[in-house]
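Here is the structure we will look at, set down as structure tokens.
Sequence positions, counted from 1, serve as the residue numbers for this chain.
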Amino acid sequence: RCHPDASQIVTGSEDSCVKVWDADTGAQTLEFKAHLGPATSVAFRPDGRRIASASMDGTVRVWGLHTDGTPLRQLLHHGRVFCVAFSPDGRRIVSGNKDRTVTVWDAETKKEALKLNGHLAGVMSVAFSPDGRRIVSGSQDHTVRVWDVETGEENLTLKGHQAGVMSVAFSADGRRIVSGSQDHAAIIWNAENTERMLTFQDHIGSVNSVAFSSDGRRIVSGSSDRTVRVWDAGNGEELLRLDEGDGAVECVAIRRDR
């Protein structure tokens with residue numbers, strides 16, 4: 001994941017470590033011996049001063065960029081944690097779990113604020129809406145669900161994928177959602193209803209990660225077919241294809257000024 005000002009990158013690894021890198025030089029600047037199992041997801045707090053990491057060891061941990069490597073917070077789950085994200089104001093953390101739940105935490109007190117139940121399989125991806133009022137989650141149950149952050153009510157269930165949903169993201173205006181799935185497709189949804197607006201079907205492998213550009217005009221997708229593709233979010237045209245060559249693409253991101 002990129003730091004909000006694009007100066008740093010944070011990575012999580014199967015070796016259980018979380019590392020921070022200088023985005024310009026590629027030099028490693030920090031390493032946290034973070035977990036007792038593979039680190040599955042990482043995220044910067046919007047102000048760039050904290051990192052959250054999720055792990056197969058059943059924890060979410062919060063780290064400071066200027067600490068001795070001891071976690072500032074530890075949030076305990078009852079199973080493997082697949083994904084984590086900060087709210088836009090940095091006051092909440094959302095995580096998705098193998099036990100089919102989405103959990104919202106108070107980032108300062110470590111208290112569980114909400115437990116969102118409804119998925120029928122592990123939750124692979126979560127994201128807050130830009131205004132922080134909704135959460136979108138994607139699951140191995142083939143669905144995308146939208147939740148109210150204050151009440152925990154499930155507002156929408158989006159059905160259309162034929163396999164597990166690996167990645168979800170809101171557009172910057174909060175009006176659309178994009179999802180990527182093991183069925184090789186990415187779908188743009190209307191975030192206010194269940195309308196399927198556009199489907200991208202040219203990948204020949206699982207779509208593991210998706211993201212909107214900041215202006216909402218493009219989508220980038222990364223796939224197990226070893227390609228990264230950039231799409232026109234209005235008409236579905238493929239604008240660019242990057243051949244990774246050596247292996248599956250697990251995650252993608254676009255700078256905020258792009």
Any donor and acceptor pair, going by atom type alone, linking the side chain of Ser181 with main-chain N or O of Gly164 inside 3.5 Å? yes
One pair to check against side-chain contact (heavy atoms from CB on, under 4.5 Å): Val207 and Met166. What are the steps and the verdict? CA-CA 7 Å; Val207 179; Met166 302 301 291; over 6 Å; no
Kindly check if the number of other-residue, nucleotide or ligand heavy atoms within 6.0 Å of NZ (Lys159) is above 12? no
Does Ser224 use its side chain to pair, donor to acceptor, with the backbone of Ala248 at less than 3.5 Å? no
Over all atoms of both residues, closest heavy-atom pair of Gly90 and Pro46: CA-CD, 4.0 Å
Distance-only, no hydrogens or angles: does the Gln162 side chain make a donor-acceptor pair with backbone N or O of Gly160 under 3.5 Å? yes
Taking the side chain as every heavy atom from C-beta outward, state whether Val42 and Trp63 have any atom pair closer than 4.5 Å. no
Identify the residue among Val84, Asp106, Thr59, Ile93 that makes a side chain to side chain contact (heavy atoms under 4.5 Å, CB included) with Leu75. Ile93
With a 3.5 Å distance limit and no angle check, can you tell me whether Asn208 reaches the backbone of Val249 through a side-chain donor-acceptor pair? yes
Kindly indicate whether the side chain of Gln182, heavy atoms from C-beta on, has any atom under 4.5 Å from the side chain of Gln140. yes
Should we count CD of Gln74 as having more than 12 external heavy atoms under 6.0 Å? yes
Shortest non-hydrogen pair, Ser129 vs Pro88, comes out as O-CG, 3.4 Å
Output yes when Arg134 and Glu192 qualify as a salt bridge under the 4.0 Å nitrogen-oxygen rule, no when they do not. yes
When rounded to the nearest 0.5 Å, the distance separating CZ of Arg145 from CG of Leu156 is 11.0 Å
Show, in sequence, the C-alpha distance, side-chain angles and deciding distance for Ser137 and Val126, and conclude whether the side-chain contact (heavy atoms from CB on, under 4.5 Å) test is met. CA-CA 4 Å; Ser137 57; Val126 289; 4.0 Å; yes
Salt bridge check, Arg133 against Glu153: does any charged N sit closer than 4.0 Å to a carboxylate O? no
Is the closest side-chain heavy-atom distance between Trp189 and Val146 below 4.5 Å? no
Got a donor-acceptor contact below 3.5 angstrom from the Thr194 side chain to the Leu158 backbone? no
What distance do Leu72 atom CG and Thr70 atom OG1 have between them, rounded to the nearest 0.5 Å? 8.5 Å
Got a donor-acceptor contact below 3.5 angstrom from the Ser55 side chain to the Pro38 backbone? yes
Heavy-atom distance under 4.5 Å between the side chains of Thr40 and Met56, does that happen here? yes
Decide yes or no for Phe86 and Arg50: does some side-chain heavy atom of the first lie under 4.5 Å from some side-chain heavy atom of the second? yes
Which of these, Asp141, Asp99, Asn97, sits in a side chain to side chain donor-acceptor pair (under 3.5 Å) with His119? Asp141
Taking all non-hydrogen atoms of both residues into account, name the closest pair between Ser221 and His203 and its distance. OG-NE2, 2.7 Å
Quick one: does any side-chain atom of Thr103 pair with a main-chain N or O of Ser95 as donor and acceptor, under 3.5 Å? no
Just wondering, do Phe200 and Asp202 contact through their side chains at under 4.5 Å, heavy atoms? no
